[in-house]
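What follows is a set of notes on a single structure, which appears directly below.
Sequence lines set the chain letters: A, B, ... in the order given, protein chains first and strands last, and positions in each chain run from 1. The basis for the numbers below is simple: all heavy atoms, side chains too, and nothing from hydrogens, waters or symmetry mates.
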Protein chains: 2
Amino acid sequence: MFTIGKLASQTSVSNDTLRYYEQEGLIEPAGKSPAGYRLYDEDSARRIRFIKHAQLCGFTLSEIRELLVLRVRDKACCGDVRTRAIEKKLQIESKICAMKAMSKALDQLIAECANEAQPVEECTIIAALERADIAPPVQ
Amino acid sequence: MFTIGKLASQTSVSNDTLRYYEQEGLIEPAGKSPAGYRLYDEDSARRIRFIKHAQLCGFTLSEIRELLVLRVRDKACCGDVRTRAIEKKLQIESKICAMKAMSKALDQLIAECANEAQPVEECTIIAALERADIAPPVQ
DNA sequence: CTTGACCTTGGAGTATACTCCATGGGGTAG
DNA sequence: CTACCCCATGGAGTATACTCCAAGGTCAAG
């Protein structure tokens, strides 16, 4: 059992963030010292790693809270978790698509700007961004 | 020339959001009625579309403000404009990279969890998210 | 002339995910 | 005993991007 500072440095998260996660119902200390210090164990560290990795995968804290509920609830199937992962992946893919279109438009703009006398009114990025038919809404 | 409500419904943005964009220096009404009503034209609508599409591409409002400066400033396409465009492209590429990493991490999780009927205690997504060796921090 | 939809401004509130701070107690080294 | 760092709580602040509200002016229809 170790205190919050140890868990923080072990997981590269601040004490404040850990207390914030607790406040948000994402974690619970394994116990408390007589003085009221939060005490954590290896399972706490695993949980923090879970949260951090899920965040890197694009999950919000409230989505992660749901995943953590699934993780505990024994009736839930892996499929529930998988469905959420697939949904999140689709969201991300859609965003990547939109950004690739943007990047392409910028490439074009940069190429055309290479010849100095190009008037701004003809910038392709602007044309691309003003068109109604690009980048389908991402959520 | 039309009022804010018309522009709002035409662009599927709320009146409040339009006023907020004005406050943030993203748009300006084309004119004002004698009573002080904001009046907009087709160019305003194009500008809103520009903002919305750029947002879908992952730009923040302050980045969009910069893009709008590019769009309006400079009668000729100068080296400075090109530099800004290249900077924006690098930002986008970096964002695409980050999102690809997220997508890849999710792919890995989804692939590992092929058996949908698996109970949560054996969910490989959760196991994977608890492992310390996946999805190195991006950005 | 009244109704009701629409507009104005300024300011406060929401959600996300922290981050910092003040105040005060806890625990150990010298 | 005194440093000195660690921990506790509660509350405020940050950034982004809205969203809502109150109080009041504008305007066309009936």
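For C:dG25, the base has a donor-acceptor partner in the side chain of A:Tyr37 [N/O atoms by modelled type, under 3.5 angstrom].
The shortest distance between the side-chain N/O atoms of A:Arg38 and the OP1/OP2 oxygens of D:dC6 is not below 4.0 Å. Look at A:Lys52 and you won't find any side-chain N or O under 4.0 angstrom from OP1 or OP2 of C:dA17. OP1 or OP2 of C:dC7 sits under 4.0 Å from a side-chain N or O of B:Thr3.
A salt bridge links A:Asp16 to A:Arg19: at least one charged side-chain nitrogen sits closer than 4.0 Å to a carboxylate oxygen.
Look at CD1 on B:Ile48: it is 14 Å from P on D:dA17, rounded to the nearest Å. Computed from coordinates, the B:Leu39 CG to C:dC7 C1' distance equals 11 Å when rounded to whole Å. Atom P of nucleotide D:dC6 and atom NZ of A:Lys6 are separated by 7 Å, given to the nearest angstrom. Protein atom CZ of B:Phe2 is 12 Å distant from nucleotide atom P of C:dC7, rounded to whole Å.
Comparing D:dT16, D:dC18, C:dT8 by their nearest atom to the side chain of B:Ile4 picks out C:dT8.
Counting heavy atoms from C-beta outward, A:Leu61 and A:Ile51 have side chains that approach closer than 4.5 Å.
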Cut-off 3.5 Å, no hydrogens considered: what does the side-chain donor-acceptor table look like for residues 20-27 of chain A, sequence neighbours left out?
from, atom 1, to, atom 2, distance (Å)
A:Tyr21, OH, A:Lys52, NZ, 3.0
A:Glu22, OE1, A:Arg38, NE, 2.6

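A donor-acceptor pair is defined here as one N or O able to donate and one able to accept, closer than 3.5 Å; no such pair exists between the side chain of B:Thr17 and the backbone of B:Val13.
With rounding to the nearest 0.5 angstrom, the CZ atom of B:Arg46 is 4.5 Å from the CG atom of B:Asp43.
For residues 12-35 of chain B, proximity to DNA chain C is found at B:Asn15, B:Arg19, B:Lys32, defined as any non-hydrogen atom under 4.0 angstrom from a strand atom.
Side chain to side chain, B:Glu42 and B:Gln10 meet the donor-acceptor criterion of an N or O pair below 3.5 Å.
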